[in-house]
Structures are given as C-alpha cells and as structure tokens.
Amino acid sequence: MLHRVDRAARDLHTARHGVEGETSNPAAIRAYSDAKQTYQRATNDRDETLDALLRWLWDTTAEPILTALGLGGVADPNTPLPRLWWCPTGPLTMLPLHAAGYHDIDQPTGRTVLDRVVSSYTPTLRALVEARRPLRPQMTSDRILIVSLPDTPEEAPLIDVERERDLLTALFPDKHTLLEGEQATGASVLEELPRHRWAHFSCHGGQDLRNPSHGGLILHDRTLTVADLATRQHAGEFAFLSACKTAVGGITLPDEAINLAAALHHTGYRQVIGTLWSVHDHAAADVAETVYAHLTIAGTFTPRAAARALHAAVRQLRDDARLPIGAWTPFTHTGP
C-alpha cells in the first residue's frame, strides 16, 4: 500500500516534467492527467487502509493497555496529558501505535491514543534509562546543524524545505551552520554533527526493509546510512529528521530497531523526531513550525519538551488543518 503511493508519486513527478518542458504534447498531457488520478486513488486507498488499521490497533492493543494503566477514560482538557513510552517488538515495530484509535473528525470520540496520552518510542528499556540520566558535560556548542536539500539529483524537488530553512535560520540567527545543496555531502555532515548540540535534516529519506542498515538520509552525493552513524558517539540533545522513513526498521530483524532515528538516539541524541513512512514536505514543514514554536521560549531553545511539542503539532494537523490520516500519522518521537 505505502509502496504503491511512493510509486505513484514518482510517476506523477516524471509525468509533470513531460508537460512543463517545451516538448509538451497531447500525449504528455494525458499521461500527466492519468498519473494524477492514479496518485489520488493510491492515497485514498492508503488512508482507508490506515483508518481501518488504527481502529484495529485501538481495539486489540492500545485500549487494553491504556485501560490497564488507568487511562481508560476521556482526558480532562484542563490537565496535561500523561506520557507513555512504547517499546514494541516484532511486527508491531512497523505500526503506528501512537496514532491508534477512532479518528472521526466530524464526531470526535476521544477513543484515540492521541486524545489520552503523549506518546514516545524507545528502542529498548535500557536506552530509555540511559536517556534519562543527567546530560554529560557539554562537548558541543549550543548550535544547530541545518541540512537543507530542496533539490537532490534524481529526486523530486521539495519546495517546502526552503520554508524550514528560513524558519531555522531566523530562530537561530547566530547559532546555526547551514549545509545546503552541494554542500550537504556525507563527509561534511559527518564532520559537523559532533560539533552541534542540535540537528535538523530537511531532505529525502529512504529505507531498505530487507537491509535496514542501508536506509538513511539522501544527501547531495550519497545516502547517509544507519551504518554510517551506528559506531559513532555524539553529545547531541535534539535531532529533527524531516525526511521520509527515518523511524521505520526492517522486516528481517523485526525485534531490533534498525532505523535512523534509533541510530541517532543510540549514539547520543537524546530527543529524535522521525517518520514511519513517506511524508509530504508541506506537512513536514507545518510540523516543524509548530514544534520549534513550542520549544523556543523567550528566545531560548528547550528541546526537553520535544514529545509534547510534536504531539501538539500532530493534533494541529488532525484537528485544525484536518489533513488526511496519512499526512499526520507518520511523525514519531524517540526519547525521554
């Protein structure tokens, strides 16, 4: 289902090129029209399947767990929601437990995880314990590394990546390092990461479900993979992976969290925001705006509240923007 949407999106991008150039002709216009309809059908089918999946997850998994924890009733709107950490194993590592429920926009039921708790994930219980320990003596500067790739060779353009770049350079005018376009290479990113306490990636991402250590962020010259990061150590505090498929593992070792978000978390980044599947760059930019607005207090960036900031951003996409279910479900938080 998700692969079908990805294929349809690639075909639509190719067909759009055919009608934008000087060689446009009636056949190219028909191909573009067909590609748009195919993409729309694929996204509609995805959202219908996701809706059924989230209801099933609620009935079989999420609601029994919340009830056992004493969180079975509708939350008090005047009280901050409690935190909950998911540590799934097996096939559940591929599923959006944080979004389980009956998301009836016109008739809200309160029968959703989003309306009961603020969710986070942890790859292991040990990782959660370690992430809760006091921060190590600061080895990095209070700077943010911004990796921005609105145009990547052989990939579709990401128009709203520039919106994220402009947001971050304005929020951190004297405390940012920008790697953009041709500067955003694998070598430059690996060199700069240890020097920055915070990192934000706006680019394409990908995952190899059969060999998840090969998945990662698609930079200008190559993919920055899980394997590239797994053996490193960082004194990082916050990483926002505004890219596709950065928090989904593989199907060959489902009990092991082999994905980019978990890799960055294991190597020292305490708070990591990632995605379970492909996301639209417009939705990703909207989430980034809300997250950074919540985390920047009186001009000071405080990422320890990242889980609540992401929760607010996702609720905003669901409740206020009323985006389709596939647009807001993928975003996840890993960390304490």
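Values in this document were obtained by computation on a predicted structure and should not be read as measured data.
- Residue Tyr121 is not grouped with residue Trp85 when hydrophobic side chains (ILVMFWY) are merged at heavy-atom distances under 4.5 angstrom, including chains of intermediate members.
- Put simply, the side chain of Thr329 never gets that close to the backbone of Gly326: no donor and acceptor are under 3.5 Å apart.
- Contact annotation: the side chain of Leu178 never approaches that of Phe172 to less than 4.5 Å [non-hydrogen atoms, C-beta and beyond].
- Classified by interplanar angle (parallel below 30°, tilted 30° to 60°, perpendicular above 60°), the ring pair His200/Phe240 is tilted.
- Of the listed residues (Arg318, Arg111, Arg55), just one forms a side chain to side chain donor-acceptor pair (under 3.5 Å) with His103, and that residue is Arg318.
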Going through the checks in order, is the side chain to side chain contact (heavy atoms under 4.5 Å, CB included) test met by Val113 and Leu97? CA-CA 8 Å; Val113 174; Leu97 291 165; over 6 Å; no
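- Once rounded to the nearest 0.5 Å, the distance linking OG1 of Thr169 with CD1 of Ile144 reads 10.0 Å.
- No donor-acceptor distance shorter than 3.5 angstrom exists from the side chain of Arg132 to the backbone of Gly335, with no hydrogens or angles considered.
- Val189 and Leu217 end up in the same hydrophobic cluster when Ile, Leu, Val, Met, Phe, Trp and Tyr side chains are linked at under 4.5 Å.
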Might you work through the side chain to side chain contact (heavy atoms under 4.5 Å, CB included) test for Leu295 and Phe238, ending with a clear yes or no? CA-CA 11 Å; Leu295 298 182; Phe238 175 81; 4.1 Å; yes
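- In terms of heavy-atom proximity, Thr334 sits nearest to Ala261 at OG1-CB, 4.4 Å.
- With salt bridges taken as basic N to acidic carboxylate O contacts below 4.0 Å, one links Asp115 and Arg315.
- Under the side chain to side chain contact (heavy atoms under 4.5 Å, CB included) test applied with Pro330, the options Val279, Val314, Val287 reduce to a single match, Val279.
- If you take NE2 on His266 and CD on Glu130, they are separated by 11.0 Å, rounding to the nearest 0.5 Å.
- Salt bridge annotation for Glu289-Arg163: present, with a cationic side-chain nitrogen under 4.0 angstrom from a carboxylate oxygen.
- Across every non-hydrogen atom of Thr290 and Ala309, the tightest pair is CG2-O, 4.5 Å.
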What's the verdict on side chain to side chain contact (heavy atoms under 4.5 Å, CB included) for Leu179 and Thr185, showing C-alpha distance, side-chain angles and the deciding distance? CA-CA 8 Å; Leu179 296 177; Thr185 64; over 6 Å; no
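- Trp198 places no side-chain N or O within 3.5 Å of a backbone atom of Pro303 that could act as its donor or acceptor partner.
- In this structure, the side chains of Pro324 and Asn44 stay at 4.5 Å or more apart for every pair of heavy atoms.
- In the hydrophobic cluster analysis, where Ile, Leu, Val, Met, Phe, Trp and Tyr join through side-chain heavy atoms closer than 4.5 angstrom, Trp328 is grouped together with Leu57.
- Here SG of Cys244 is found 7.5 Å from NE2 of His204. Values are rounded to the nearest 0.5 Å.
- In summary, the side chains of Glu164 and Ser202 do present a donor paired with an acceptor at a separation below 3.5 Å, with no hydrogens or angles considered.
- No donor-acceptor distance shorter than 3.5 angstrom exists from the side chain of His311 to the backbone of Ala307, with no hydrogens or angles considered.
- Here the side chains of Ile65 and Thr61 are in contact, with some heavy-atom distance below 4.5 Å.
- The aromatic rings of Tyr292 and Phe301 lie parallel to each other, with less than 30° between the two planes, well short of the 60° mark.
- Inter-residue side-chain proximity for Val118 and Leu84 is flagged as unmet; no heavy-atom pair is nearer than 4.5 Å.
- Within the 3.5 Å criterion, the main-chain N or O of Arg270 finds a donor-acceptor partner in the side chain of His265.
- Side chains of Leu81 and Val117 form no contact here, defined as non-hydrogen atoms less than 4.5 Å apart.
- Val147 is not connected to Val161 by any chain of hydrophobic side-chain contacts under 4.5 Å among Ile, Leu, Val, Met, Phe, Trp and Tyr, and they are in different clusters.
- In this structure, Asp281 contributes its side chain and Ile159 its backbone to a donor-acceptor pair below 3.5 Å.
- Counting only distance, with no hydrogens or angles, the side chain of Ser188 and the backbone of Gln183 share a donor-acceptor pair below 3.5 Å.
- The closest side-chain heavy-atom distance from Ser120 to Trp86 is not below 4.5 Å.
- Annotation: the span from Thr332 atom OG1 to Leu310 atom CG amounts to 7.5 Å, rounded to 0.5 Å.
- What you find for Asp151 and Pro157 is that their closest heavy atoms are OD1-CB, 3.4 Å.
- At distances below 3.5 Å, at least one donor-acceptor pair connects side-chain atoms of Asp228 with backbone N or O atoms of Thr225.
- Here the CG-CG distance, from Leu264 to Leu193, works out to 7.0 Å after rounding to the nearest 0.5 Å.
- No side-chain heavy atom of Thr124 sits less than 4.5 Å from a side-chain heavy atom of Val129.
- The backbone N or O of Leu71 lies less than 3.5 Å from a partner atom in the side chain of Arg116, making a donor-acceptor pair.
- In summary, of the residues considered (Arg304, Arg143, Arg197), a salt bridge (charged side-chain N to carboxylate O under 4.0 Å, His left out) with Glu237 occurs for Arg197 alone.
- What you find for Ala313 and Val291 is that their closest heavy atoms are CB-CG2, 4.1 Å.
- Judged purely by atom type and a 3.5 angstrom limit, Arg165 has no side-chain atom pairing as donor or acceptor with the backbone of Ile146.
- A distance of 10.0 Å separates CD1 of Ile218 from CG of Leu149, quoted to the nearest 0.5 Å.
- Scanning both residues, Pro96 and Leu54, for their nearest heavy atoms gives CG-CD2, 3.6 Å.
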Are Lys245 and Leu276 close enough, and set up right, to give a side chain to side chain contact (heavy atoms under 4.5 Å, CB included), and what steps lead you there? CA-CA 5 Å; Lys245 306 175 186 176; Leu276 285 174; over 6 Å; no
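- In this structure, the side chains of Ser119 and His333 stay at 4.5 Å or more apart for every pair of heavy atoms.
- Contact record, Ala327 with Ala283: O-CB, 4.2 Å, taken as the closest heavy-atom pair.
- With hydrophobic clusters built from ILVMFWY side chains whose heavy atoms lie under 4.5 angstrom apart, Tyr102 shares a cluster with Ile325.
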